[in-house]
**Student:** 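Below is a structure I'd like to ask you about.
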Amino acid sequence: MDVWFTLFVMLAAVMVAVGGALLLVSYLMILPASFNFGWKQWVPTLLLPIIGPLWFVRQHRPEFNRAEKQMIAAVVLLALVGAMMLIWGPYFVDRALANARIPE
């Protein structure tokens, strides 16, 4: 196994774990709070995955600055992982296929 592939997988796994944890924590802060502001606030927050909670946080800015920063950081981390997979993923697949021995 290649050292660079191992580093690539480890970096992607850590970024997905941190981004997912930040996303989950920010949702757990935003969703219950949105129920306190009436159905016009919690319906978009509940039904629109990323845009709804960010919209809610923008309307109630001073209270939810931390949740907004966490959600934005989570989205950025998950987007970076997706970009990494699209950019370097095919490179590692080609290298793995070139090194694979197909039994005859």
Side-chain angles (χ1 to χ4, degrees):
M1 187 178 298
D2 193 12
V3 173
W4 297 111
F5 176 71
T6 306
L7 286 174
F8 172 72
V9 170
M10 291 288 291
L11 181 63
V14 168
M15 288 173 66
V16 166
V18 171
L22 283 174
L23 195 63
L24 181 64
V25 167
S26 62
Y27 267 123
L28 290 176
M29 290 171 59
I30 294 169
L31 276 176
S34 69
F35 286 111
N36 291 335
F37 291 97
W39 70 271
K40 290 184 180 180
Q41 298 288 315
W42 67 262
V43 168
T45 304
L46 188 62
L47 295 180
L48 301 172
I50 300 293
I51 298 167
L54 283 176
W55 169 76
F56 174 76
V57 167
R58 293 280 180 172
Q59 287 186 342
H60 305 283
R61 181 150 273 195
E63 300 172 49
F64 298 106
N65 279 342
R66 184 174 184 173
E68 179 184 20
K69 290 176 186 175
Q70 286 176 342
M71 185 162 282
I72 291 172
V75 169
V76 167
L77 279 173
L78 294 175
L80 284 174
V81 170
M84 279 176 40
M85 293 292 180
L86 290 174
I87 293 170
W88 291 303
Y91 170 73
F92 287 116
V93 169
D94 289 341
R95 284 183 60 182
L97 287 176
N99 292 334
R101 294 184 185 159
I102 300 173
E104 294 179 18

**Student:** Name the atoms and distances for all side-chain donor-acceptor pairs under 3.5 Å in residues 76-95, with sequence neighbours left out.
**Tutor:**
unit_1 : atom_1 : unit_2 : atom_2 : d
Tyr91  : OH     : Arg95  : NH1    : 3.1
Arg95  : NH1    : Asp2   : OD2    : 2.9
Arg95  : NH2    : Asp2   : OD2    : 2.5

**Student:** Among residues at least two apart in sequence or on other chains, which ones pass ring pair (Phe, Tyr, Trp, His ring centres under 6.0 Å) with Phe35?
**Tutor:**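 Ring pair (Phe, Tyr, Trp, His ring centres under 6.0 Å) check on Phe35 returns Trp42.
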**Student:** Measure the spacing between CG of Leu11 and CE of Met15 and express it to the nearest 0.5 Å.
**Tutor:**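 Rounded to the nearest 0.5 Å, the CG-CE separation comes to 5.5 Å.
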**Student:** Under a 4.5 Å side-chain heavy-atom rule over Ile, Leu, Val, Met, Phe, Trp and Tyr, are Val75 and Leu22 clustered together?
**Tutor:**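 Cluster IDs for Val75 and Leu22 match.
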**Student:** State which residue, out of Thr45, Leu48, Leu46, fulfils the side-chain contact (heavy atoms from CB on, under 4.5 Å) condition with Phe56.
**Tutor:**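 That would be Thr45.
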**Student:** Any salt bridge (Lys or Arg N to Asp or Glu O under 4.0 Å) pairs touching residues 13-33, not counting sequence neighbours?
**Tutor:**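 The answer is none; no pair qualifies.
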**Student:** According to a hydrophobic-cluster definition based on side-chain heavy atoms being under 4.5 Å apart (Ile, Leu, Val, Met, Phe, Trp, Tyr only), do Val18 and Ile72 belong together?
**Tutor:**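 Yes; Ile72 is reachable from Val18 via cluster members.
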**Student:** Any chance you could measure Trp55, atom CH2, to Gln41, atom CD, to the nearest 0.5 Å?
**Tutor:**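 So the gap between those two atoms works out to 4.5 Å.
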**Student:** Please collect all side chain to side chain donor-acceptor pair (under 3.5 Å) contacts where either partner lies in residues 68-78, sequence neighbours excluded, each pair once.
**Tutor:**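 For residues 68-78, and leaving out neighbouring residues, the side chain to side chain donor-acceptor pair (under 3.5 Å) pairs sorted by first residue read Arg58-Glu68, Arg61-Glu68.
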**Student:** Identify the two heavy atoms, one from Gly19 and one from Ala74, that lie closest to each other, and give their separation to 0.1 Å.
**Tutor:**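 What the structure gives for the nearest pair is O-CB, 3.3 Å.
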**Student:** Which ILVMFWY residues are connected to Ile51, directly or by a chain of links, through side-chain heavy atoms under 4.5 Å apart?
**Tutor:**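 Under the 4.5 Å side-chain rule, Ile51 groups with nothing.
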**Student:** I'd like to know if Met10 and Trp4 are part of one continuous hydrophobic network [Ile/Leu/Val/Met/Phe/Trp/Tyr, side-chain heavy atoms within less than 4.5 Å].
**Tutor:**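 They do not share one cluster, since no chain of ILVMFWY contacts under 4.5 Å joins Trp4 to Met10.
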**Student:** Answer whether the closest heavy-atom distance between the side chains of Met71 and Leu23 falls below 4.5 Å.
**Tutor:**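 Met71 vs Leu23: side chains touch.
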**Student:** How long is the gap from CD on Gln59 to CG on Leu54, to the nearest 0.5 Å?
**Tutor:**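 One gets 12.0 Å once the value is rounded to the nearest 0.5 Å.
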**Student:** Provide the closest heavy-atom pair for Ser26 versus Ala67 in the form atom of the first, atom of the second, distance.
**Tutor:**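 Heavy-atom minimum between the residues: CB-O, 3.7 Å.
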**Student:** Is it the case that one hydrophobic cluster holds both Ile50 and Val43, taking links as side-chain heavy atoms less than 4.5 Å apart, direct or via other members?
**Tutor:**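 Ile50 clusters together with Val43.
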**Student:** Looking only at heavy atoms, which two atoms of Phe37 and Glu63 are closest? And how far apart?
**Tutor:**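 Heavy-atom minimum between the residues: CZ-OE1, 4.3 Å.
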**Student:** Find out if a path of hydrophobic residues (ILVMFWY) with successive side-chain heavy-atom gaps under 4.5 Å connects Val25 to Phe64.
**Tutor:**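 No, no single cluster joins them.
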